[in-house]
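Notes to accompany the following structure.
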There are 2 protein chains.
Amino acid sequence: MNLHNFLNSIIPFPPEQLQIIRNAFEKETFSKGHRLINVGETCKKLYYLETGLARSYYSNDKGKEITVWFFNDNNFLVGMDSFFNQQPSIYATELLEDCTLYAISYEKLHDLFDQYHLMERFGRVLITQIMGAMVDRLSAIQFQTAQERYDFMLKTYPKIVYRAPLGTIASYLGITQETLSRIRSKH
Amino acid sequence: MNLHNFLNSIIPFPPEQLQIIRNAFEKETFSKGHRLINVGETCKKLYYLETGLARSYYSNDKGKEITVWFFNDNNFLVGMDSFFNQQPSIYATELLEDCTLYAISYEKLHDLFDQYHLMERFGRVLITQIMGAMVDRLSAIQFQTAQERYDFMLKTYPKIVYRAPLGTIASYLGITQETLSRIRSKH
DNA sequence: CTCTCTTTTTGATTTATGTCAAAAGATTAT
DNA sequence: ATAATCTTTTGACATAAATCAAAAAGAGAG
């Protein structure tokens, strides 16, 4: 789904408004491994991820990388802990595949919020959706065994499971990669 | 902090608007143990919790109650998985103390969203805040020991730690109450 | 195609935390 | 007050998953 249709699927904007909003985004392409947001930087843009896959992660005190969030294609990508409050990020965000993105700056986005009531609604509905996904994930991670968490992941993000490296998924699920490997090997 | 000031602290509304919005809420008081939302019901109201404490929880397959969310005073309270998308709740929400609440119906709230651009912004900012808290909680629960999770809880919700029952807190942290009891006993 | 580097798998062992059970301590109701 | 109920603590034991280590498989570079 392209950006135009994605925007419209969340809020049915009047055509002229949709055009203006759509054109506020600029296309960017990066290749696999590119770091979109570094630790300590403030995330200045909201991205629409048209194709590709990305993740946010941090390194814990033992130097191990913990994946905090995956970003699927046909969805927005943003420094979850940084963009909305414009504070320095504690997570890095990197591309797991070559990606095509459409970016809008924080300032431009807020200009649109000021200008269009419907755009403000768009922001509200979008964050509500993101929150819904978080509620699901929280309850999955909170009181389930490694096996159950993996099943949840398979059900919820089947695409990611087969595209992201095993260690990356393991840390996202809060288990070690050895454990995940063992879960997989017994089907 | 009363509702009037709370609203104004998030978005500085023009006085007349603030008055109208404030008056759309109706005061309700319930005593400890009251079930505000039952499993299977759709949460029809957004509440401002002026005084008291509440939690959302569900019973897992072994019949154990898992606390999913606490609601502190001077904050909104809502069926997180139900209100925003108006779907039947999989969690129950009950009061852990006698509570004073101010309620607004989903319909009335959306009327205000339609009517006032600033109200729409209020909704967006509010959910952004809730999401921020969730991001923090997710990273706390994801890859930390029982001890570390408890320390996080102490730091983030000191009030709740000393007011909510131990078993309730334990399930919120994704550990058993025996483990939490042992963590506490060694200071 | 071969070598190097990275990722995944497999094995042996340890450890944190869960489970079960019962006692001690609080709270609430009669 | 006293009984009844609910909550927290303590103990013994079981277990899922972590850790450490090394082999196997896969991917990328020359």
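Atoms considered below: every heavy atom in the structure, side chains included; atoms not considered: hydrogens, waters and symmetry mates. Remember, predicted model here, so these are calculated numbers, not experimental data. Every chain is numbered from 1, with letters handed out A, B, ... down the list of sequences.
Annotation: cation-pi pair A/R124/B/F113 present, NZ/CZ under 6.0 Å from the ring centroid and within 45° of its normal.
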message: Show, in sequence, the C-alpha distance, side-chain angles and deciding distance for B/L3 and B/L7, and conclude whether the side chain to side chain contact (heavy atoms under 4.5 Å, CB included) test is met.
response: CA-CA 6 Å; B/L3 176 55; B/L7 291 167; 3.8 Å; yes
query: Can you check side chain to side chain contact (heavy atoms under 4.5 Å, CB included) on A/I20 and A/Q115, steps first, answer last?
result: CA-CA 11 Å; A/I20 292 169; A/Q115 219 173 334; 5.7 Å; no
message: What verdict does the side chain to side chain contact (heavy atoms under 4.5 Å, CB included) test give for A/L109 and A/F83, after you've listed the backbone C-alpha separation in whole Å, the side-chain angles of each residue and the deciding distance to 0.1 Å?
response: CA-CA 11 Å; A/L109 180 65; A/F83 181 78; 3.8 Å; yes
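Qualifying side-chain hydrogen bond (donor to acceptor under 3.5 Å, both in side chains) partners for B/N8, counting only residues two or more places apart in sequence or in other chains: none. Evaluation of the ring-ring contact (aromatic ring centres under 6.0 Å, His included) rule for A/Y48 yields A/F6, A/F76 as partners, not counting sequence neighbours. Residues forming a side-chain hydrogen bond (donor to acceptor under 3.5 Å, both in side chains) with A/S56 (at least two apart in sequence, or on another chain): A/T93. Remark: B/Y157 pairs with no residue by the ring-ring contact (aromatic ring centres under 6.0 Å, His included) rule, at least two apart or across chains. Taking the side-chain hydrogen bond (donor to acceptor under 3.5 Å, both in side chains) definition, one finds that B/S105 meets it with nothing, sequence neighbours left out. Every side-chain hydrogen bond (donor to acceptor under 3.5 Å, both in side chains) that B/N2 has, sequence neighbours left out, goes to B/N5.
Shortest non-hydrogen contact noted between A/T67 and A/S171 is N-OG, 2.7 Å.
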When you compare the protein's N or O atoms with those of nucleotides 28-30 of chain C, which come within less than 3.5 Å of each other, and at what distance?
none

Each nucleotide N or O in nucleotides 4-11 of chain C that has a protein N or O under 3.5 Å away: list the pair and distance.
| unit_1 | atom_1 | unit_2 | atom_2 | d |
| --- | --- | --- | --- | --- |
| C/dT8 | OP1 | A/L166 | N | 2.9 |
| C/dT8 | OP2 | A/L166 | N | 3.3 |
| C/dT8 | OP2 | A/G167 | N | 3.4 |
| C/dT9 | OP2 | A/S181 | OG | 2.9 |
| C/dT9 | O5' | A/S181 | OG | 3.2 |
| C/dG11 | N7 | A/R182 | NH2 | 2.4 |
| C/dG11 | O6 | A/R182 | NH2 | 3.1 |

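The nucleotide range of DNA chain D contacted by chain B, defined by atoms under 4.0 angstrom from heavy atoms of the protein and reported 5' to 3', is D/dT8 to D/dA12.
Atom pair A/Q147:CD and C/dG18:P shows a separation of 19 Å (rounding to whole Å applied). For B/Q144 and C/dA16, the CD to C1' distance is 15 Å, given to the nearest whole Å.
Among the atoms of the strands shown, none is found under 4.0 Å from any heavy atom of B/G33.
Ion pair A/R55/A/E65 flagged as a salt bridge, since at least one NZ, NE, NH1 or NH2 atom sits closer than 4.0 Å to an Asp/Glu carboxylate oxygen.
Between B/F13 and B/F122, the angle of the ring planes lies from 30° to 60°, which puts this pair in the tilted group. Ring orientation note: the planes of A/W69 and A/Y172 are nearly perpendicular, at an angle over 60° on the 30°/60° scale.
Shown for residues 152-163 of chain A: no residue has heavy atoms falling under 4.0 angstrom of DNA chain C.
Comparing the axis of the opening five pairs of the helix from C/dC1-D/dG30 to C/dT30-D/dA1 with that of the closing five pairs yields an angle of 50°, rounded to 10°.
Every pair passing side chain to side chain donor-acceptor pair (under 3.5 Å) that includes a residue from residues 9-33 of chain A is listed here, sequence neighbours excluded: A/E28-A/K45.
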